Each structure stands twice: as C-alpha cells, then as structure tokens.
Colleague: 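The structure under discussion is supplied below as structure tokens; questions concerning it will follow.
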Amino acid sequence: MTIDDRYRFLQSLSPRAGTYALDFWRRRAELVVELKGPQDFVSHADRAVEAMIRDEIARAFPGDAFLGEETANTIEGTPERVWIVDPIDGTHNFLRGIPYWNVSIAYAERGVRTLGAVCDPVAGAVYHGRRGGGAWRTDAAGETRLAATGATALPGSLICIGHSDRFPDPRYLALRSAFMDHEVAFRNFGCAALQLAHVAEGRYDAYVELELSSWDAMAGLLLVEEAGGYAAPFPGPQGLAVRAPVIASVGGIGPALHALVREQTGIA
Ligand code: LIP
C-alpha cells in the first residue's frame, strides 16, 4: 500500500467523517456533555466520529498505528506509520453551535508528516495535502491550490493566537502586548487545525499556540508547509504524545515571528 493509496483513502474518508460529525452538530441539543477537565468538553459525538475513523483506517491499513484525541493511548517512540486524528477539533465551538470546528486527520511515516486533511463540513470544504504534492481546497467549486502568501512584515499582519481555556498562562499576555506594540492584529477562533488551514489559504498571516497536541496540529502544519508557508519544528523532541509549541505562518514573516515569540515566551 503506497502513499498514493493512503492519500486517495484520506480524500474519501475526510468528507464522510465530516458529514457524520455535521449530523451530530445539527442534533447537538441531544448530546450529553461531559467535562474532561476545566473548560475541556467531550460528548458522544467526539467518540463516535473517532471510532468511525479508527475502524475505517484499521480495515484499510491494519498495520498502521493510530493516535486519536479520545483514545490517546501512549504511543511509544515513533511508529513506522501512524494516523493522528482529532475527530472534532474545536469541541467547545461545536457544542455551542459556533460554526467554526473541523475534523482533522494526519498521516506520518517514520516521524515525518506526509498527508493531512482538515474537513470544515459547515463550509462544505476539505483542505488536504500530500508532502511534495502541494495543498488544496476541495469544495462545490472544485479544486483550488493553496498558497500561504500575505504579510511580508509583522506590522499590519493578522495573527491567530490559540490558547487553551483550561489553565491560565501569563505568557499569552506578554505575547498579546508585544503584538500590540508591533501593530499586529490578533484573533483566536478556538480551533487550531482550521486556523492553520486558513493560514495555508492566506486568510490569516500566522497561527501561534504555545502548547498544542499533535492531533490538533499535524494535518494543519502539513497544509501550511505544502502551501509554501513557514512552520517551526513540531512535534518537540519528546515525540507525538507530548504537547509542544506551534508557530506557523505565511512565508514572509516566519523567522521574525518566531524570534518575537521566543523573546516574549522563552520557548525554543
Ligand atoms: C482545541 C484546539 C485549540 C486549543 C484548545 C483545544 P479540541 O482542540 O483546537 O487550539 O486552544 O485547548 O486543544 O479540544 O477542541 O479538539
């Protein structure tokens, strides 16, 4: 089974998983919401969508490993082949009826992210890419190649800052203050993978989050890289199972942004 087989499979699975999640979203009033921790929500929808994706992958590629948010068993070392899945990224938005969430599926081979798909079923769009094959948006209008172009300097740029509502982190206050000083506009739309896909599409100039799980980041980072953008090394030295900083941007501002984030937050 080749990368092309897996890419074709992913391009079929992503929109179907998105449609399945969208059905839960439309019936979200029926969902029982559980708390995994402060501001950390989960429902049957997250688990059911992950189970659907996991079963399909296990049937098609029985030898491949699986790392999913809702069944995040510890992954030892770096599996030869692994699928990294966030069944509903932006769960808090999803449960509150905010139309900004997605289904994120990535595939990595020997630690290198190779395939990625971010499905935004509310917008009817699938963002997908293959290492060396570019990044694309598929929707009713057809296929559009993505280009992470935009700002060439920090002043005047628009940057998304993701941060978890689960624990206070004063570093974000320093970062916001520094962005204000550098005439950088900033937003947080509450789900990492779709914000990364929109950086790849050039809607935003960058995305920064100081601690992110690989299932939130891997697919979106591949899209930014394949769209010609900048992505700081991810995951960190401790591997896929440990949260790490994400800095991704359009090509023109990567190093300057990374330097500013490092200066303000002390990350590597
Ligand atoms: C969310 C991310 C977001 C982060 C949240 C959470 P979830 O993913 O998309 O960027 O700030 O803490 O991790 O939990 O909705 O899949």
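Predicted model only: the values in this text are computed from it and were never measured. In listed order, ligands and their atoms are each counted from 1.
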Colleague: Would you mind reporting whether Leu194 and Asp89 have side-chain heavy atoms less than 4.5 Å apart?
Modeller: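 Not touching, per the 4.5 Å side-chain cut-off.
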
Colleague: Against heavy atoms of Cys191, which atoms of ligand 1 measure under 4.0 Å?
Modeller: 9 (O)

Colleague: Determine, considering heavy atoms only, which of Asn102, Leu212, Asp86, Val246 sits nearest to atom 16 (O) of ligand 1.
Modeller: Asp86

Colleague: What protein heavy atom is closest to atom 13 (O) of ligand 1, reported as residue, atom name and distance in Å?
Modeller: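 Looking only at protein heavy atoms, the one closest to atom 13 (O) of ligand 1 is Asp216 OD2, 3.4 Å.
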
Colleague: Between Gly90 and ligand 1, does any nitrogen or oxygen pair lie at a separation below 3.5 Å?
Modeller: yes

Colleague: Where does the angle between the aromatic ring planes of Trp101 and Phe94 fall among parallel (under 30°), tilted (30 to 60°) and perpendicular (over 60°)?
Modeller: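 Rings of Trp101 and Phe94: perpendicular, over 60°.
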
Colleague: For the residue pair Arg26 and Phe24, would you count it as a cation-pi contact if the rule is NZ or CZ under 6.0 angstrom from the ring centre and within 45 degrees of the ring axis?
Modeller: no

Colleague: Ring pair (Phe, Tyr, Trp, His ring centres under 6.0 Å), that's the test. Do His198 and Tyr207 meet it? Break it down for me.
Modeller: CA-CA 9 Å; His198 288 158; Tyr207 183 75; over 10 Å; no

Colleague: Applying a heavy-atom cut-off of 4.0 Å, say which part of Glu209 lies close to ligand 1: side chain, backbone, both or neither.
Modeller: side chain

Colleague: For ligand 1, which atoms sit closer than 4.0 Å to a heavy atom of Ile88?
Modeller: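 Within the 4.0 Å cut-off of Ile88, ligand 1 contributes 16 (O).
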
Colleague: Report the C-alpha distance between Asp23 and Arg27 in whole Å, list the side-chain angles of each, state the deciding distance to 0.1 Å, and finish with yes or no for salt bridge (Lys or Arg N to Asp or Glu O under 4.0 Å).
Modeller: CA-CA 6 Å; Asp23 179 54; Arg27 297 182 293 109; 2.8 Å; yes

Colleague: Are Asn188 and ligand 1 in contact, using a heavy-atom cut-off of under 4.0 Å?
Modeller: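 Checking ligand 1 against Asn188, which is what was asked, there is no heavy-atom contact under 4.0 Å.
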
Colleague: Geometry only, no angles: is Asp40 polar-contacting ligand 1 at N/O separations under 3.5 Å?
Modeller: no

Colleague: Quick one: nearest non-hydrogen protein atom to atom 14 (O) of ligand 1, plus distance?
Modeller: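 Protein heavy atom with the smallest distance to atom 14 (O) of ligand 1: Arg166 NH2, 2.9 Å.
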
Colleague: May I ask you to list the atoms of ligand 1 that are less than 4.0 angstrom from any heavy atom of His163?
Modeller: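 Counting atoms of ligand 1 from 1, those under 4.0 Å from His163 are 11 (O).
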
Colleague: Would Ala192 count as a polar contact of ligand 1, with the cut-off being nitrogen or oxygen pairs under 3.5 Å?
Modeller: yes

Colleague: Determine yes or no for a side-chain-to-main-chain donor-acceptor pair under 3.5 angstrom, with Asp205 supplying the side chain and Leu158 the backbone.
Modeller: yes

Colleague: Closer than 4.0 Å to some heavy atom of Ser164 - which atoms of ligand 1 meet that?
Modeller: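 Answer for ligand 1: 11 (O), 12 (O).
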
Colleague: Where does the angle between the aromatic ring planes of Trp83 and Tyr107 fall among parallel (under 30°), tilted (30 to 60°) and perpendicular (over 60°)?
Modeller: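 Rings of Trp83 and Tyr107: tilted, 30 to 60°.
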
Colleague: Does some side-chain heavy atom of Glu80 sit less than 4.5 Å from a side-chain heavy atom of Arg110?
Modeller: yes

Colleague: Should you measure from each heavy atom of Thr91, which atoms of ligand 1 turn up under 4.0 Å away?
Modeller: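 That gives atoms 15 (O) of ligand 1.
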
Colleague: Do Arg6 and Phe61 meet the cation-pi criteria used here (NZ or CZ under 6.0 Å from the six-membered ring centre, within 45° of the axis)?
Modeller: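 Satisfied, under 6.0 Å and within 45°.
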
Colleague: A quick test of your reading: do over 12 heavy atoms of other residues, nucleotides or ligands sit less than 6.0 Å from CZ of Arg28?
Modeller: yes

Colleague: Hey, is Asp89 touching ligand 1 through its side chain, its backbone, both or neither, going by heavy atoms under 4.0 Å?
Modeller: both

Colleague: Would you call Tyr207 a ligand 1 contact, heavy-atom distance under 4.0 Å?
Modeller: yes

Colleague: Just to be sure I read this right, does ligand 1 sit under 4.0 Å from the backbone of Glu69, its side chain, both, or neither, counting only heavy atoms?
Modeller: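 It is the side chain that touches ligand 1; the backbone stays farther off.
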
